[in-house]
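Just the heavy atoms: all of them, side chains too, but no hydrogens, waters or symmetry mates, feed the values below. What you see is a predicted model; the values in this text were computed from it and never measured.
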Amino acid sequence: MIELLLLRHAPTPWNADRRIQGRSDIALSGDGAAEAATWRLPPFAKGWHCLSSPLQRAVQTAAAMGLVPRVSAALIEMDWGRYEGRRLADLRQEFGEAFAAEEAKGLDFRPPDGESPREVGRRALSGLAALQEDSVVVTHKGVLRPLFALATGWDMRAAPSIKIRDGCCHRFTLEAGTLALAEPNIPLRRCAGAAALPAGPEAPDKPDRPDRPDKEVLP
């Protein structure tokens, strides 16, 4: 059995603008880089191997934390296809009930020319299953959510029983290809003496439509 600490990258300008990033290689914002520089892992993870998505926002987050990551294509953000660069609220308004029907598919939601969360979870787990040592993994919300789904049986059709919070790491175990959630939402310790920075912009906890309070798909 190995242990994993998974975390989402620090904020980017597109996070602040609530745009879907997907595979677009957006760098951290100045505030995001400063925030990541204050993050520290729990003491038990000292010296753990570090793995990162190849996108620069993840690599920059790891580097700002003093980690030396090895990049893995298996950890890249979900491919949002033709929706990349768009705002989720705009898509819901433009496509109405057709978009709502797609979102209702949960793990099998698929953007045009993109991939589904189910596919994301499978390829991310395949990459993690090759690890031989306890590891820190810096990735994306669109990867964390399917991994939470695999570990807990959540089908992503309704709100998760556990809120996946930014500025935290999430402890999993992996044994014989099976992922289990051990401890979610462990706050990333800030540097001693560092000024507390406001939390970076997060994906909306609730959508703009009050009849669908369970969707949190924006990466």
* Asked: Excluding sequence neighbours, so at least two apart, what forms side chain to side chain donor-acceptor pair (under 3.5 Å) with E102?
  -> K105
* Asked: In the hydrophobic cluster built from side-chain contacts under 4.5 Å, what are the other members alongside L28?
  -> none
* Does R123 have any side chain to side chain contact (heavy atoms under 4.5 Å, CB included) partners at least two apart in sequence or in another chain, and if so, which? -> R23, I76, E115, V120, V143
* Who passes side chain to side chain donor-acceptor pair (under 3.5 Å) against S53, sequence neighbours left out? -> H140
Could you tabulate the donor-acceptor pairs under 3.5 Å formed by side-chain atoms of residues 175-187, not counting sequence neighbours?
{"unit_1": "N185", "atom_1": "OD1", "unit_2": "R165", "atom_2": "N", "d": "2.9"}
{"unit_1": "N185", "atom_1": "ND2", "unit_2": "K163", "atom_2": "O", "d": "2.7"}

* To do: Can you measure from CG (D108) to OG (S116) and round to the nearest 0.5 angstrom?
  => 5.5 Å
* Asked: Going by the salt bridge (charged side-chain N to carboxylate O under 4.0 Å, His left out) test, which pairs reach into residues 128-137, not counting sequence neighbours?
  -> none
* Structure fact -> F44 meets the ring pair (Phe, Tyr, Trp, His ring centres under 6.0 Å) criterion, sequence neighbours left out, with W48
* **For L150, all residues meeting side chain to side chain contact (heavy atoms under 4.5 Å, CB included), sequence neighbours excluded** => L125, L147
* **Q132: partners by side chain to side chain contact (heavy atoms under 4.5 Å, CB included), with sequence neighbours left out** => none
* **Whether R19 side chain and R87 backbone form a donor-acceptor pair below 3.5 Å** => no
* Which atoms form the tightest heavy-atom contact between L7 and W39, and what is the distance? -> CD1-CZ3, 4.2 Å
* Structure fact -> side chain to side chain donor-acceptor pair (under 3.5 Å) filter on E3, not counting sequence neighbours, yields R171
* Measure the acute angle between the ring planes of Y83 and F95, then classify it against the limits of 30° and 60° as parallel, tilted or perpendicular. => tilted
* Asked: How would you list, by chain and number, every residue that makes a side chain to side chain contact (heavy atoms under 4.5 Å, CB included) with A129, sequence neighbours excluded?
  -> none
* **R110 side chain vs G114 backbone, donor-acceptor pair below 3.5 Å** => yes
* Of all residues at least two apart in sequence or in a different chain, which pass the side chain to side chain donor-acceptor pair (under 3.5 Å) check with S24? -> E84
* Please report the closest heavy-atom contact between A62 and V138, naming both atoms and the distance. => CB-CG2, 4.0 Å
* Could you tell me whether the side chain of Q60 and the main chain of A27 form a donor-acceptor pair under 3.5 Å? => no
